[in-house]
Undergrad: 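Sharing a structure, written as structure tokens. Questions coming.
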Amino acid sequence: DVKVTQSSRYLVKRTGEKVFLECVQDMDHENMFWYRQDPGLGLRLIYFSYDVKMKEKGDIPEGYSVSREKKERFSLILESASTNQTSMYLCASRLAGTGGGTDTQYFGPGTRLTVL
Amino acid sequence: GENVEQHPSTLSVQEGDSAVIKCTYSDSASNYFPWYKQELGKRPQLIIDIRSNVGEKKDQRIAVTLNKTAKHFSLHITETQPEDSAVYFCAATDPFSGGYNKLIFGAGTRLAVHP
């Protein structure tokens, strides 16, 4: 059974702080994703990584960066947190490839970040 | 790029009734359409998916239909139960994401099933 975990369920930070959100998966998945979830907007992709040290911008990368030094771990970094980054952050992973059950993205439990 | 619209945003039904949620997508090259269910306070979980070479797929009380010509797909839940209450998200692959299967999500539908 795929397990995706995130470092915190709830986080409160102040404007201007550097924030690290971490995601770990235990199924040797190549692809990992960071989304933010806001009411009425669904899930929007911030960044994804298709393998170790590889990353691609998603649809809303501004104000964020990522790091993938090990296959199982994908970190989202808010360089200087702002109030408009208050949101639910969801990590996901999937096996690389197409078809044959590789399509499914498995999500972590989410981190609710509040920036004051 | 791909755009996915989902309707309705909220849906209230009586237990035992059917529920239908519809999504439209913009890029005819999208080839994979999953549906995720997110219960309150929990992570989204895949409940059913369909590929573009199939018109319909069913799994017990849930089914998904795909109309490629009209570029829309729908989730059908029959004999709804209170435990079906959740937010449902549709998604479509971004055809420009190559083998990475990047998903574009709809805004979500909050389904409430009343006993």
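Given the structure is predicted, the values throughout are model-derived calculations rather than measurements. Each chain gets a letter, A, B and so on, in the order its sequence line appears, and its residues count up from 1.
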Undergrad: Heavy-atom distance under 4.5 Å to chain A: side chain of Q38(B), backbone, both or neither?
TA: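 Only the side chain of Q38(B) comes within 4.5 Å of chain A.
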Undergrad: Are any of the side-chain nitrogens in D49(B) or K57(B) under 4.0 Å away from the carboxylate oxygens of its partner?
TA: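 A salt bridge links D49(B) with K57(B).
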Undergrad: Looking only at side-chain N and O atoms, does T65(B) offer a donor or acceptor that is under 3.5 Å from a partner on E56(B)?
TA: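 Distance-only check fails for E56(B) and T65(B).
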Undergrad: Considering only heavy atoms, which portion of L41(A) lies under 4.5 Å from any heavy atom of chain B: side chain, backbone, both, or neither?
TA: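 Backbone only.
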Undergrad: R9(A) versus chain B, heavy atoms under 4.5 Å apart: side chain, backbone, both or neither?
TA: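 Looking at R9(A), just its side chain touches chain B.
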Undergrad: Scan side-chain atoms only and decide if D38(A) and S87(A) contain a donor-acceptor pair under the 3.5 Å cut-off.
TA: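 Checked: D38(A)/S87(A) side chains pair up, N/O donor to acceptor below 3.5 Å.
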Undergrad: Within a radius of less than 6.0 Å around CZ of R44(A), do more than 12 heavy atoms belonging to other residues, nucleotides or ligands occur?
TA: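 Check passes, neighbour count above 12.
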Undergrad: Please flag which part of P34(B) lies under 4.5 Å from any non-hydrogen atom of chain A: side chain, backbone, both or neither.
TA: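 Looking at P34(B), nothing touches chain A.
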